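FYI, side chains are in, hydrogens and waters are out, and symmetry mates aren't considered; it's all heavy atoms of this structure. Please read all numbers here as calculations on a predicted model, not as lab measurements. Each chain gets a letter, A, B and so on, in the order the sequences are listed, and its residues count up from 1.
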Amino acid sequence: MAPVQNVPFVSILLCMVCALLCAVLPGKAARFLARAVPGLICLGNLALTFAFRDLEPFHYPMGHFPAPWGNELRAGPLEAVCSAALALTAFLSLNAGMRKVRQQIPERKQNLFCVVTLMTLCAVCALLYTNDLFTGYVFIEISTLSAAALIFSRQDDRSLAASLRYLVMNLTGSGLCLMGISMLYGITGQLNMESIRQSLAAAEGPPSLPLRAVMVLLTVGLSIKCGLFPFHEWLPDAYAYSTPASSALLSSVVSKGYLFLLIKFYMRCVGLEAVRASGLATALSSLAGLGLLIGSLHAIRQWDLRRMISYSSVAQISFVFLAVGLCTPEAMTAAVFHMLVHAFGKSMLFLSASGLSDVSGGRFDADSLQGAGKRHFAAGAAFTLGAVSMTGVPLLGGFLSKIYLSQAAIATSGPLSAAVLLLLALSTFLNTLYFLHAVVGIYRPGPLETPPRRATGAGYLVSLCLMMAVNLYLGTASASLYSTLLRGISLFA
Amino acid sequence: MPKINDRYPASAHKRVSDWLTNGFTGLDREMTQAETPPAAPSAEAAGQAEDAFQEKARRDRERESDLYARLHHWSVTRGERQARLLYRFLAVIVCGGIVFFLLRTVSALPALGRVDAPVNNEVSYRYISRGPEETGAVNFVSGMILDYRAFDTLGESSVLFLASCAVMMLLRLDRDDAKGPVPSPLSLTGGDLHGDDILRASSLVLFPVIALFGAAVVLNGHSSPGGGFAGGAILGGALMLLSNAAGEERVSRLITERRASLAIFTALLFYAGAKSVVFYTGANGIPLDIPLGEPFSILSAGLILPLDMCVGLIVALTMYGFYRLFTKGGY
Amino acid sequence: MAALFSDHLYEAAAMLLFGVGFTTLLLNRNLLKKIIGLNVMDTAVYLFLASMGYIEGRFPPILREGVTDASAYVNPVPAGLVLTGIVVSVSVTALLLALTVRLYERFRTLNIDEIVLLARKGEK
Amino acid sequence: MNLLACLLLAFLLVCAVSVSFTRSLLGSIILLMTYSVVMSVLWILLRSPDLALTEAAVGAGVTGILFFAALARLRAVDRAAKNGGKGATHAEDQ
């Protein structure tokens, strides 16, 4: 075992131990840990990604007992790239948002906020790497609890109400997930994903009724947690009313962990053909199509900038489900690529929106944000870059992910590809409606008097520029990233 | 179907409706005050712009509130009852559909209790046949959760730790932001802190028995049913009883905030540290031999006994912490 | 129908309990009863999981003095998984109750629709 | 043996259904605790004593006490409001 192969184990345990440390450390040291640890994990996973150029995916048994008896992690190029990207998003959003954390969260409870952020990152790393379904369920619970704590950390009326609605809906979702996992254990007797695949492969023919039920239960449970169309009521309030750092973390890091587990379940436990044969794929695509339209339509109607971004997050999540619904390796690569683009773009949008509201009297409605782009240059540029990337303008990530999805859609013959291409065009049109309207709004000449300008820290500006650089990298030089993802998906099953 | 007696409460209904129809009651005036933007500097131009801004904001609020009033009027007169009935009817239909779908799936599952069920395969066979000699634990379940599948249980303890941090974020009253001594929101026993005599007398008698039983369950986790979680919960219950019996401030002098969080921190750190050593050595093939002792004795089963004690301590202090956070807002 | 309850007794009852818990969660507007509904749903899923490991006429998974033959014991795996689940549902219940107490101190109502209405009104 | 299981499961169903029909919150909490005690008896029938002990200690014991503490805290908020003179919407009639 090369030393770099310990990175998955170290990144999970490091997060957990640092979260323990933050609980007893004073606020200042805890905030430093919350900013530094995601960076360490990003570097470790980057090293693992480069090591995977000449390394085969390997299994990492947790303990002295091999796979079906003990837990185990499985690391491949796809998992390494995704955890490096999500750790980088968490690192940048926490550094950018730490200023607001100090202002909005009560003084003696900031170290508890750092405990919760580190636990979120630990849960997402574990969801990316685990090869055991019940470990996946335990870390789904950790991720749900820490996301609820992220939402109510600001402790004002709306975030408490939003976090309660979030918890009630997500706990129903994880109850359904556990029901699916126990039914799968009932028919296969295994909890390890590859062993499940072997015992399912023994039973030939179309997927049996319990297997179809398991797929439905897990898909519904995890799409409740990701905020797919019919189950997205909790999402706008949850993302809009928490501190900017936590809404960036929630929209870009937490929902990606559940999505990745669902893709892993489809490709590794059940196989894409069974998913297509069971008719689940068409159901997912149609729900995603509806979600795309309704999310964008809602976003146009919003007058609060944060709620607009949250509803656009509903649309982007259903964009990824649209790609997953196509059930081909290229479509899965497009889905994972768009997950990363959405992670970087959305966190930048939330944090630049908080910067814009700093210079317009702390309000988020369109009237007071007029001309905010001119008053706060960095936040205005970041917001424009993020908005334009989400609509899919060339030189930015959104454009490439739409191209990769349309290639994947054309490759799959049949009515589904035509529908996907139509939905792509329609969603691009709707995205431009509300995003460019907001971008034009922040550069329109503002009211005569300029409200008092709240000082913005250096950390905020530096991380915003880094985020812009990463988004530009995703748009222009991401061919190597895409090839790594393609290789990862081929080695994933 | 018997009437679900959760009628829409008249009193809260009145408060909401009079807020909607005739503008703002006391509760809402101070809430909207908090939302108005800070006053602009006193220059003349800024003054007019400010008034124009206020005027526009006030007109917005007018338009908004009469929109709510119209919505409310429709809902009170006709829509509410139909909407609620439709919602209930739909909910029952959805739940019925789910239960029918699940029951149909269950009937297709392999039968219950049979020997040839796919669940009884080589995985569970090894836990039972080679469990005692590989983990030293006579109780196969404890051996499985603390040795074979230890990563789940490590995640499990961090769920408990995360929940205690989250509840602390919500309910802990910090000294400085609560002016003066922290008002105990309530003590369960009402006025005096020692509670009425029956509870006090019975708690004094019962506490040693329950604490002893809890400790026995924790210590015998590997050789009899029970273990860290069950024993910890019993010990947590015993601590709650003690705080009722011996009075809350005397127990909070014994278990202070600092001591409790340090104890949980060290227990979890030892647990995570010991387990990461086992994971690291297991994955990299480094042999690690922990003396397993001979079965059925207390000092057996290698790491499982200290881990059970750690888990017992964590669960007991967390449950007691929840209780104190709810009743007193702090340890 | 009869076959369902003869050889799938516990699993069918677990599914019924899951449905009842879910109905309690959806139909009651009082927050405490919603939390109780959630608890009932979780316990129903654990009953379903634990009933997987049950084998007729075998000893509980603790080594007895004389019996060393492995086919004399019940399957220990579901017991371990449900042990983890029970502690998860306690911590989740504690968090939900803490949120309910904070919301009641602020809005003085346990009706979740009213809470959302009052919270949204507060943002103007 | 099967009859006892059927009786206990029927009792569980009755407990779960009656939670939403009882009027008082205290009643529904006590119903949850009996539900949990009967569930721990069922774990014994399913030959897993670990679960029985944990369910009894954690389900009936700690969850019940947490519910009582939360309910008492809600009552205290009402009492404080009543002494404070503002109109009190009693937690009981929610």
What part of [X] gets closer than 4.5 Å to chain A, counting heavy atoms only: side chain, backbone, both or neither?
{"X": "C/Leu25", "value": "side chain"}
{"X": "C/Leu38", "value": "side chain"}
{"X": "C/Ile112", "value": "side chain"}

*Taking atom types as modelled, is there a side-chain donor on A/Ser143 or A/Tyr258 under 3.5 Å from an acceptor on the other?*
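A pair is found: one side chain offers a donor N or O, the other an acceptor, under 3.5 Å apart.
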*So, is the end of the A/Arg306 side chain (NZ or CZ) under 6.0 Å from the ring centre of A/Phe350 and within 45° of the ring's axis?*
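Not flagged: A/Arg306 not positioned over aromatic ring of A/Phe350.
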*Between chain C and each of A/Leu176, A/Leu167, A/Ile181, A/Leu164, count heavy-atom pairs under 4.5 Å; write down the option with the most.*
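Result: the option with the highest number of such pairs is A/Leu164.
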*Heavy atoms only, distances under 4.5 angstrom: which of A/Glu141, A/Gln155, A/Met179 has the most pairs with chain C? Name it, please.*
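Option with the top pair count is A/Met179.
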Using non-hydrogen atoms only, which part of [X] is less than 4.5 Å away from chain C: side chain, backbone, both, or neither?
{"X": "A/Leu191", "value": "side chain"}
{"X": "A/Thr144", "value": "neither"}
{"X": "A/Asp237", "value": "side chain"}

*Is the backbone N or O of A/Leu127 less than 3.5 Å from a side-chain atom of A/Thr130, with the two atoms forming a donor-acceptor pair by type?*
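Not at all, since once roles are kept as given, no pair shorter than 3.5 Å links the two residues.
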_Candidate pair C/Arg120 and A/Arg158, rule side chain to side chain contact (heavy atoms under 4.5 Å, CB included), full reasoning_ = CA-CA 7 Å; C/Arg120 188 155 297 154; A/Arg158 287 167 297 173; over 6 Å; no
*Assess whether side chain to side chain contact (heavy atoms under 4.5 Å, CB included) is satisfied between A/Tyr241 and A/Ser247, documenting all intermediate values.*
CA-CA 8 Å; A/Tyr241 299 133; A/Ser247 39; over 6 Å; no
*asked:* Minimum heavy-atom separation for A/Met183 and A/Ala213, please, with both atom names.
replied: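 Looks like SD-CB, 4.0 Å.
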_Closest non-hydrogen atom pair between C/Arg64 and C/Pro60, with its separation_ =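 Looking at all heavy atoms of both residues, the shortest contact is NH2-CD, 3.7 Å.
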*Looking at A/Val254, A/Thr120, A/Val124, which one forms a side chain to side chain contact (heavy atoms under 4.5 Å, CB included) with A/Ser146?*
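For A/Ser146, the side chain to side chain contact (heavy atoms under 4.5 Å, CB included) check succeeds only for A/Thr120.
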If you count heavy-atom pairs under 4.5 Å with chain A, which of [options] comes out on top?
{"options": "C/Met15, C/Arg102, C/Met41, C/Lys34", "result": "C/Arg102"}
{"options": "C/Leu31, C/Thr100, C/Val92, C/Asp42", "result": "C/Val92"}
{"options": "C/Ile115, C/Thr84, C/Leu103", "result": "C/Leu103"}

